[in-house]
Student: 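Supplied in structure tokens, the structure appears directly below.
So that the names make sense, note that chain A is the first sequence line, chain B the second, and so on, each numbered from 1. Nothing here was measured: the structure is a model prediction, and the numbers come from that model.
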Amino acid sequence: MPRYNPAVIEPKWQLHWEKNKTFRTPEMPSGDKVYILDMFPYPSGAGLHVGHPEGYTATDIQARYWRMRGKSVLHPMGYDAFGLPAEEYAIRTNTPPRVSTEQNIANFTRQLKMLGFSYDWDRCLATTDREYFRWTQWIFLLLFDTWFDLEQQKGRPISELPIPADVAAKGEDAVSLYRDKHRLAYQDEALVNWCPGLGTVLANEEVIDGKSERGNHPVQRMPLRQWMLRITAYGDRLISDLDGLDWTPGIKKLQADWIGRSTGAEVDFPIVTASEFSKWQSTRRGQPYPDSIPADVLRIYTTRPDTLYGATYMVIAPEHPVVKTITTPEQSAAVKQYCDNAAFKSDRDRTDGDKRKTGVFTGAFAINPVTGKPIPIWIADYVLIGYGTGAIMAVPAHDDRDFEFAKAFQLPIQCVVEPSKNDSDRETILAGGVCFTGDGLAINSGSLDGLGTEAAKAKIIDELTASGVAKQAINYKLRDWLFSRQRFWGEPFPILHELDAASKPTGIIRAVDTRELPVDLPQLEDYKPHGRPEPPLAKADDSWLYVTIDGKRYRRETNTMPQWAGSCWYYLRFIDPTNTSAIVDQAKEKAWMPVDLYIGGAEHAVLHLLYARFWHKVLFDRGYVSHAEPFHKLVNQGMILGEVEYTGFQTAGGQWVSTAQTEKGETGYVHSKTKETLNSISVADSDVTKSGDNFVLVSDPSIRIDSRAHKMSKARGNVVNPDAVVTEYGADSLRLYEMFMGPLEATKPWSTTGVNGVRNFLDRVWRLMIDTHTDGNALVDSIQDVEPTSEQNRVIHGTIMAVTRDIESLSFNTAIARMMEFVNFFTKETVRPRKGMEALILLLSPYAPHMAEEVWQALGNTESLAYQAWPIFDESLTKASEIEVPFQINGKLRTKLMVPADSTAEQLEQAARGHERLADWLDGKQIVKAIVVPGRMVNFVVK
RNA sequence: GCCAAAGUGGCGGAAUCGGCAGACGCGCUGGACUCAAAAUCCAGUGUCCUUAACAGACGUGUGGGUUCGAUUCCCACCUUUGGUACCA
């Protein structure tokens, strides 16, 4: 075979691996195991884009490397195939979702195999497989069967839930309803995000700026009865267990912030007159803080109880239940108007724009429990009903939002925290003219005066707890997970609703027997959403919809699960994909878990990882898995952008406008002065030159040109198709290039000439070993069975050392650079020791496996190199006997000298003092100090 | 606004227990080979000054600081990208 021809080599080895099941994983690991996992893809109709192979190549290199290091490697792949896009594609093309999904999966599989990834394809699964979602439904039933024991901080079987005597006394149905209220999977009438455009409700996480994450449709708030998962119960553990994980601090922080744990206090403000206050106080003193809110108080949550003396008014959310009871007749018209307005506002309107504070006075007053003074109660939409108690004490002096509100409505501002002496705004702050949110010393605060912020918090909580008015409290931003969707293409809930004789729901629900799983999707003629919150599954035949058990009639739950459900546990199923009696065999789970390396896009940093960790903890509590956390090491690959483009701007008249004079308008770019709409013009590479920090037109250097890489998108037409790259350069080149572009985690622009560059490198490797003048894979004559020279050994062992170290730290770009240096060196050598050539091929094999196998075979081997031992290096052979050492004067490099590598500090200093080129610099100067680092440098400090 | 990451040649990037800035690749320039081209191989390639060489000055977003010595550490600021949105 004269030339390197990936089009022939690559299919040959893909077939070989597939036939010989080269990458089949043993059921149980022998010796050490590594579980290397990709975030499995959503099989869209567009096929793979070049972003997919980036992460997949990184994990494949790891998998191949650890196999060669003798570990048992689990490296599987599957498809996350339920969800909206498949369904919308199906509606558009009038194909049942299952059919189009299977076509897409087939195309993805073809593309993945074309890239030579060493997956154990026997373990491939899709979340839409009936045998898979059978177990997704099973886990839902486990959530349904679990309640969270706050004391033990643990999920336990619902049968162990203590039933209060008064509930038990009311009979079986009451007990049943009581249990339903405590399950991790429960139904709740809640204000939900209803999206008419998609015909479904969405989780908070799926709504961005009041629009749906998918499709960008507007979302409204409306009350609906929905399935919820009690993820908030696990809030503390989801934060604290991050500690033991090998994730970047950034991702950990993102998760912790999303959960948003805050500590503070709940405080009761009595809604009584000033004269009734002392009486109210005495009813509370010495009593435990009431669990349910008494009718005569407004309960608030605050993280700054130390500022209680500065609370000059209160604010409640428009949806707060006491609005109706406390509003005075004089204010009722204004209050009604404000609240109605707020209800009609979408979340977007509420948060949009300048966030100017709006509000209305209820006419009512509450007593500040520490000052005894009445303070007004206002309604404002900057207080959210869903967080804390839906009511706040407003401390305008020390909270930005309260301050703005107080300014807008001329409410009093009382400073109670003294800033430090050197705060430039100190006087203004003390006078209430500026808001101060930092820590300081308490003032105007009774017994708290003089205490620091932390001490004051502790003291006030102690005091108020003793008087029965407050207690320490914890709150989370995280809400329970809204788990049901009104769409067709998802897992049906394995839940039955009991019906009475008139076919009305009785409110009693029961789980489908686990032996009856899976509950398959019904056959439907029409599964399109119709814009009303009644799910499409309600249109199924009665034979699917209605079930009779023990003489009772039931109607099936018609909601489906969200797309996240299937991806919450797929990593477990890969361990034991064909098990028909359990989600995963316990011994296998124990042997393979946790996932040692998990690579995927940063877009899943919050949602998928949070949900999966939550499910995993429930499975852990219930004894089905052996570790508290599923993913030990997590790496987020960066995004791959399109090629760098130069863009200039022209007026409609064809006049160039420098980018310095443009700004983003509502629809496109406009002239920053005239606001004239501008056309963006793509400018050729050759018409652009660099001037200072900017690119400008060659023809007119006063015109600045925008130079940047953009996200790949169909609209921009800069999408790179992996199929085309493989056809032109080969899969090995694509893999190698994506690893050579830069650090895995960085965002990087694509460059076609860069792909050509690594292809060039592979050609050079080929010619280094294969005689291109003969047919067949004959080796070049320079490859000989001789011992390497010491210089050759330095290159060989140095390369093995560097490549090994880099592969373990995921620094693939520098590993490739080292192999290029190896090839540059040996291309010039007329004798190429066989041992060295073999080492290079083995080092290269995780990156360019097809070519490596082919050359390995040419080197006389008959077995695949997939399980060949990784080359070992002798560190003593990597060191040169002589090294070049820089000599500096006052930290500036003046000359260099070759010295024996083991020179001592004294020898180095002597060599430097005797060096003729330094003599000129030292002439007439005095050496104040000599700094000598053996093996590195010499520096003279002179005067 | 807040949070996170990042700013190094014409381009992608390399080098940080502080010790020769620019590895490797792309691009570009020149040479060899060729009738010619492609391919390949060899050499050069941060900027500036000097006729040129030797050499020198400057140089890692900006301004300060610590140090014999700073791309690396500290302070302030600017820019870019990503995330987030009144969570009391």
Student: Need the pair for B/rA53. Rule: Watson-Crick or G-U wobble, both distances under 3.5 Å, any strand; none if unpaired.
Tutor: none
Student: Would you mind classifying the nucleic acid contact of A/Asn939 as base, sugar-phosphate or nothing, using non-hydrogen atoms under 4.0 angstrom?
Tutor: base
Student: For the side chain of A/Pro749, starting at C-beta, report the closest nucleotide among B/rG12, B/rC68, B/rG27.
Tutor: B/rG12
Student: Counting any heavy atom closer than 4.0 Å, what does A/Ser751 reach on the DNA or RNA strands: base, sugar-phosphate only, or nothing?
Tutor: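 Touches nothing.
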Student: Can you tell me the pairing partner of B/rG18 across any strand shown, Watson-Crick or G-U wobble, with both distances under 3.5 angstrom?
Tutor: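 Per the H-bond distance test, none.
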Student: Run the side chain to side chain donor-acceptor pair (under 3.5 Å) test on A/Ser733 and A/Tyr4 for me, step by step, so that the C-alpha distance in whole Å, both residues' side-chain angles and the decisive distance to 0.1 Å come before the verdict.
Tutor: CA-CA 12 Å; A/Ser733 290; A/Tyr4 167 50; 4.7 Å; no
Student: Which one is paired to B/rA39, where only Watson-Crick or G-U wobble pairs with both distances under 3.5 angstrom count?
Tutor: none
Student: Select base, sugar-phosphate, or nothing to describe what A/Arg261 touches, counting heavy atoms under 4.0 Å on all strands.
Tutor: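 Contact class for A/Arg261: none.
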Student: Using the side-chain heavy atoms of A/Phe740, tell me which of these nucleotides is nearest: B/rA88, B/rG19, B/rG25.
Tutor: B/rG25
Student: Which whole number of Å gives the distance between the C1' atom of B/rG64 and that of B/rG46?
Tutor: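 Each nucleotide's C1' atom is 26 Å from the other's.
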Student: If we only count heavy atoms from C-beta on, is the A/Ser707 to A/Val688 side-chain gap below 4.5 Å?
Tutor: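 No, too far: nothing below the 4.5 Å cut-off.
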Student: So, does the side chain of A/Lys929 form a donor-acceptor pair with the base of B/rC68 at under 3.5 Å?
Tutor: no
Student: Are A/Arg3 and B/rA39 close enough that a side-chain N or O sits under 4.0 Å from OP1 or OP2?
Tutor: no
Student: Roughly how many Å apart are B/rG1 and B/rC58, using the C1' atom of each and rounding to a whole number?
Tutor: 40 Å
Student: Would you kindly compare A/Val933 and A/Val644 by the position of their nearest RNA chain B nucleotide and give the one closer to the 5′ end?
Tutor: A/Val644
Student: Taking for each residue the nucleotide of RNA chain B bearing the nearest heavy atom, is the 5' side occupied by A/Phe695 or by A/Gly388?
Tutor: A/Phe695
Student: Name the nucleic acid region contacted by A/Arg708, choosing base, sugar-phosphate or nothing; use a 4.0 angstrom heavy-atom cut-off, strictly under.
Tutor: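 It contacts sugar-phosphate atoms only.
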Student: Once you apply a heavy-atom cut-off of 4.0 Å, does A/Pro249 come out as touching a base, just sugar-phosphate, or nothing?
Tutor: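 Contact class for A/Pro249: none.
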Student: Between B/rG19, B/rC86, B/rC24, which nucleotide gets closest to the side-chain atoms of A/Ala817?
Tutor: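 Closest nucleotide among those given: B/rC24.
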Student: Base, sugar-phosphate, or nothing: which does A/Met937 touch, judged by heavy atoms less than 4.0 Å apart?
Tutor: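 Contact class for A/Met937: base.
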Student: Where do A/Ala391 and A/Arg299 come nearest, in terms of heavy atoms and distance?
Tutor: CB-O, 3.6 Å
Student: Would you please test A/Thr659 and A/Asp706 for side chain to side chain donor-acceptor pair (under 3.5 Å) and show each step?
Tutor: CA-CA 6 Å; A/Thr659 53; A/Asp706 189 39; 5.8 Å; no
Student: Please determine, for the side chain of A/Lys711, which listed nucleotide (B/rA23, B/rG13, B/rG82) has the closest atom?
Tutor: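 Minimum distance to the A/Lys711 side chain belongs to B/rG82.
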Student: Assign A/Lys828 to base, sugar-phosphate, or nothing according to its heavy-atom contacts below 4.0 angstrom with the strands shown.
Tutor: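 Counting heavy atoms under 4.0 Å across all strands, the contact made by A/Lys828 is with sugar-phosphate only.
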Student: Could you check whether A/Asn824 gets within reach of a base, just the sugar-phosphate, or nothing at all, counting any heavy atom under 4.0 Å?
Tutor: sugar-phosphate
Student: Which base, if any, makes a Watson-Crick or G-U wobble pair with B/rU79, both distances under 3.5 Å?
Tutor: B/rA6
Student: Pick base, sugar-phosphate or nothing for A/Gln888, based on heavy-atom distances below 4.0 Å to the nucleic acid.
Tutor: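 Contact class for A/Gln888: base.
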Student: Please confirm whether A/Tyr313 and A/Phe409 have ring centers closer than 6.0 angstrom.
Tutor: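 For A/Tyr313 and A/Phe409, the ring centres are not under 6.0 Å apart.
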Student: Give the C-alpha distance, both sets of side-chain angles, the deciding distance and a yes or no for side chain to side chain donor-acceptor pair (under 3.5 Å) between A/Ser782 and A/Glu829.
Tutor: CA-CA 8 Å; A/Ser782 31; A/Glu829 295 290 289; over 6 Å; no
Student: For atom C1', what is the distance between B/rC2 and B/rC17, given to the nearest Å?
Tutor: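 After rounding to an integer number of Å, I get 34 Å for this pair.
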Student: Select base, sugar-phosphate, or nothing to describe what A/Ser262 touches, counting heavy atoms under 4.0 Å on all strands.
Tutor: sugar-phosphate
Student: Could you identify the nucleotide paired to B/rG44, looking across every strand shown and requiring Watson-Crick or G-U wobble geometry with both distances under 3.5 Å?
Tutor: B/rC28
Student: Would you please test A/Asn368 and A/Tyr309 for side chain to side chain donor-acceptor pair (under 3.5 Å) and show each step?
Tutor: CA-CA 8 Å; A/Asn368 181 327; A/Tyr309 285 87; over 6 Å; no
Student: Using atom C1' of each nucleotide, how far apart are B/rG7 and B/rG63 to the nearest Å?
Tutor: 16 Å
Student: Counting the atoms with a prime plus P, OP1 and OP2 as sugar-phosphate, which does A/Arg894 contact under 4.0 Å by heavy atoms, base, sugar-phosphate, or nothing?
Tutor: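 The residue A/Arg894 makes sugar-phosphate contact but no base contact.
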Student: Taking B/rA76 as the reference, what is the distance to B/rA4 when you measure between their P atoms (whole Å, please)?
Tutor: 14 Å
Student: Using the C1' atom as the point on both nucleotides, what is the distance between B/rA15 and B/rG83, in whole Å?
Tutor: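 The answer is 30 Å between these two C1' atoms.
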Student: How far does the P atom of B/rA52 sit from the matching atom of B/rU47, given to the nearest Å?
Tutor: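 Per the computed distance, 15 Å lies between those P atoms.
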Student: To the nearest Å, give me how far apart CG (A/Asn890) and P (B/rC68) are.
Tutor: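 My rounded result for the distance is 11 Å.
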Student: Looking across every strand, which nucleic acid part, if any, lies under 4.0 Å from A/Asn760 by heavy atom: base, sugar-phosphate, or nothing?
Tutor: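 The answer is sugar-phosphate, as A/Asn760 gets under 4.0 Å only of primed atoms, P, OP1 or OP2.
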Student: Could you tell me how far B/rU67 sits from B/rG19 if I compare only their C1' atoms? Round to whole Å.
Tutor: 12 Å
Student: If you only use heavy atoms from C-beta on, which nucleotide in B/rC58, B/rC86, B/rA15 is closest to the side chain of A/Thr814?
Tutor: B/rA15
Student: Anything under 30° is parallel, anything over 60° is perpendicular, the rest tilted; go ahead and classify A/Tyr382 against A/Phe405.
Tutor: tilted
Student: Among B/rA14, B/rG19, B/rG25, which nucleotide sits nearest the side chain of A/Asn813?
Tutor: B/rA14
Student: Applying a 3.5 Å limit to both distances, which nucleotide forms a Watson-Crick or G-U wobble pair with B/rU72?
Tutor: none
Student: Do the side chain of A/Lys253 and the base of B/rC3 come within less than 3.5 angstrom through a donor-acceptor pair of N or O atoms?
Tutor: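 Result: no qualifying N/O pair found.
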